Amino acid sequence: MKASTTALDVIERLPARSRTVNRMVVSCAVILALLGIAVGAFTYQQRGSEAVRHAMVVDGQLGRVLLAIQDAETGQRGYLLTGDETFLRPFRDGRAQVSREIARLHDHLRNDDSQRAELDALIPLLRDKLNELGTSIELRRSGEIEASQEQVRQGDGRQVMDEIRAIIGRMEDHEAALMEQRQAANSRAALLIWGLLAAVVIALVLFAMSATREAARRRSLSRFLPQELVSRLADDDGSLKAGRRQQAVIAFIDMRGSTTIAEHLDPQELSAFLSAFRRRVMRISRLYGGVVDKFIGDGALVVFGLPEPTADDAARAVAFASDLVEVIARWNDKGDHDATVRIGIGLHCGEVFSGIIGEDARYEFTVLGDTVNVAARLEQATKTHGVSVLASEAVRRAAGTTTAAWREISREPLRGRREPMAYYTFAPTASATLPSDREALGDPAAS
């Protein structure tokens, strides 16, 4: 990939049906990358701050070394002039202070070769200076006053002290230069951190706005379309709007005697009753991978094979029909309503034309074709033959003999059609249900 490739280029190359998810993934990756860089810059700044503090510590230690050697020299001069041993205390304290600070400098400068070289040159000079001071003090204490004063006059203490000052001055200048460099680097790092944090905040705001718009769009779509198709349309799947021919299994469901039931219920009770019925249809259809195309009064049209057809669509449709009959029977046993609810289900499979029609404000999904009409006729034929489910020969072949114990009902033409066709009812076998789905979602008849 060329260096000039942008995140938008990457998004455009990804599959269209997952483009929304891909945008969110790329946005999250950008935000995480910005946060990672910000954390790295903050860590760099912290290290720079440590380096500044290190330079200040070393500079203070060098100052204390120089002050300690000067205190030792002051104490030596006072003792030589007066013979008062109280002047020896500054000498001893200064000498001890020099030893302590040199040990600390060794530790702090272990990673700076140039400063270590300067320190190695400074230590012998300090030793020579302290030895000279100590020699003159010992001469004075032994009573050789003239000899001690002569030793001071003829010694090279002043020259050694000048060299000590020169080395310490160079070391202080070196630390000052390092401090300036590190402070400048810290300032740049701070600007980078604030810039990155601002970019993260902006990215989060844009991401939140985009996610909010996307969520609102999906909520709007879910008002009109089956939930299983909302993601496809939200991801700009053009095939849904354009419509397409595909294989599908159609299940038509209708409640028997709903008019009689409605006569005994007030409008509020009737609404609750129909809602309970539709909940059961929705739950079982989702359990077996079906999509409720629409509810038509007290009936429903369920499609298996959306958004893409699969080899077991017919088997799932058969299992759906079997379970729905069982669930309605359990609902009757619970006694939540006075009348006995009975349903008829017609199953047929074949080619359909599926697609979404309408505008953004009012989408509608629909399936069209003779397959839909045959499924509706089969549902109507359940009344004539006194069975709950009728399935076409095409569904029986596609579902396989292991899904149900099939029994042929008739080969007469369905009402409104001329050509004869075989259609069947069935009793589910042990393999008619899908254990993995049941274990994942639980018994649909529970509520």
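Throughout, residue positions are numbered sequentially from 1 according to the sequence presented. Just so we're clear, the structure is a prediction, and the values are computed from it rather than from any experiment.
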* To do: Test Asp162 against Arg165 for salt bridge (charged side-chain N to carboxylate O under 4.0 Å, His left out), laying out the working first.
  => CA-CA 5 Å; Asp162 289 342; Arg165 290 192 181 95; 3.6 Å; yes

* Kindly say whether Ser271 contributes a backbone atom to a donor-acceptor pair with the side chain of Ser275 at under 3.5 angstrom? => yes

* Check whether NZ of the Lys or CZ of the Arg Arg316 lies under 6.0 Å from the centre of the six-membered ring of Phe304 and within 45 degrees of that ring's axis. => no

* To do: Apply side chain to side chain contact (heavy atoms under 4.5 Å, CB included) to Leu324 and Tyr288, showing your working.
  => CA-CA 11 Å; Leu324 184 58; Tyr288 290 104; over 6 Å; no

* Asked: So, does Arg280 use its side chain to make a donor-acceptor pair with the main chain of Ala276 at under 3.5 Å?
  -> yes

* Parallel, tilted or perpendicular: ring planes of Phe277 versus Trp331, cut at 30 and 60 degrees -> parallel

* To do: I would like to know whether Gln61 and Arg64 meet side-chain hydrogen bond (donor to acceptor under 3.5 Å, both in side chains); could you show each step before the answer?
  => CA-CA 5 Å; Gln61 289 171 339; Arg64 287 192 291 273; 5.6 Å; no

* Asked: Is any side-chain heavy atom of Phe273 less than 4.5 Å from a side-chain heavy atom of Val341?
  -> yes

* To do: Please name the pair of heavy atoms, one in Leu66 and one in Met161, separated by the smallest distance, quoted to 0.1 Å.
  => CD1-CE, 3.9 Å

* To do: Check whether any side-chain heavy atom of Val292 sits under 4.5 Å from a side-chain heavy atom of Arg278, and report yes or no.
  => no

* Step by step, work out the side chain to side chain contact (heavy atoms under 4.5 Å, CB included) result for Asp120 and His106. => CA-CA 9 Å; Asp120 291 341; His106 262 295; 4.3 Å; yes

* Asked: Hey, are Arg244 and Glu308 close enough for a salt bridge, meaning a charged N less than 4.0 Å from a carboxylate O?
  -> yes

* Carefully, step by step, assess Val374 and Leu414 under the rule side chain to side chain contact (heavy atoms under 4.5 Å, CB included). => CA-CA 8 Å; Val374 171; Leu414 294 168; 4.2 Å; yes

* Is the closest side-chain heavy-atom distance between Asp71 and Leu67 below 4.5 Å? -> yes

* Structure fact -> Closest non-hydrogen atoms of Arg95 and Ala72, given as atom of the first, atom of the second and distance, are N-CB, 4.4 Å

* Asked: If you measure from CZ on Arg342 to CD1 on Ile328, what distance do you get to the nearest 0.5 Å?
  -> 11.5 Å

* Asked: Where do Val249 and Cys349 come nearest, in terms of heavy atoms and distance?
  -> CG2-CB, 3.6 Å

* Structure fact -> Scanning both residues in full, the closest heavy-atom pair of Lys129 with Val160 reads CB-CG1, 4.0 Å

* Asked: Any sub-3.5 Å donor-acceptor pair from Asp313's side-chain atoms to Thr310's backbone N or O?
  -> yes

* Approximate separation, where rounding is to 0.5 Å, of Leu378 CG and Ile250 CD1 -> 12.0 Å

* Ignoring hydrogens and angles, tell me if any N or O in the side chain of Thr425 forms a donor-acceptor pair with the backbone of Val389 under 3.5 Å. => yes

* For Arg116, does the CZ atom have more than 12 heavy-atom neighbours from other residues, nucleotides or ligands under 6.0 Å away? -> yes

* Are any of the side-chain heavy atoms of Leu301 and Phe252 separated by less than 4.5 Å? -> yes

* **Any donor-acceptor N/O pair, Asp266 side chain to Glu269 backbone, under 3.5 Å** => yes

* Salt-bridge contact Asp370-Arg417 (side-chain N to carboxylate O under 4.0 Å) -> yes

* Structure fact -> So CD1 of Ile168 and CG of Asp59: to nearest 0.5 Å the spacing works out to 10.5 Å

* Structure fact -> One should read off an interatomic distance between Ile102 CD1 and Asp107 CG, to the nearest 0.5 angstrom, of 13.0 Å

* To do: May I ask you to test the Glu393-Met421 pair for a side-chain heavy-atom distance under 4.5 Å?
  => no

* Asked: Does any non-hydrogen side-chain atom of Thr384 lie less than 4.5 Å from one of Arg415?
  -> no

* So do the side chains of Val327 and Arg330 get within less than 4.5 Å of each other, counting heavy atoms only? -> no

* Say you draw a straight line from CD1 of Ile345 to CZ of Phe320; how long is it, rounded to the nearest 0.5 Å? -> 5.5 Å

* Step-by-step side chain to side chain contact (heavy atoms under 4.5 Å, CB included) determination, Met171 to Leu109 -> CA-CA 11 Å; Met171 294 179 73; Leu109 299 177; 3.7 Å; yes

* Asked: Between CH2 of Trp406 and CZ of Arg397, what distance do you get to the nearest 0.5 Å?
  -> 11.5 Å

* Is the closest side-chain heavy-atom distance between Gln246 and Val352 below 4.5 Å? -> yes

* **Heavy-atom closest pair, residues Ser285 and Val302** => CB-CG1, 3.9 Å

* Between His174 and Gln115, do the side chains contain an N or O donor and an N or O acceptor separated by less than 3.5 Å? -> no

* What's the shortest heavy-atom distance between Asp112 and Leu178, and which atoms? -> OD2-CD1, 3.8 Å

* Asked: Would one find more than 12 heavy atoms of other residues, nucleotides or ligands at under 6.0 Å from atom CD of Glu351?
  -> yes

* To do: Give me the one residue out of Val367, Leu368, Val303 that meets side-chain contact (heavy atoms from CB on, under 4.5 Å) with Ser354.
  => Val367

* Asked: Is the side chain of Asn332 donor-acceptor paired with the backbone N or O of Thr340 at a distance under 3.5 Å, no angle test?
  -> no

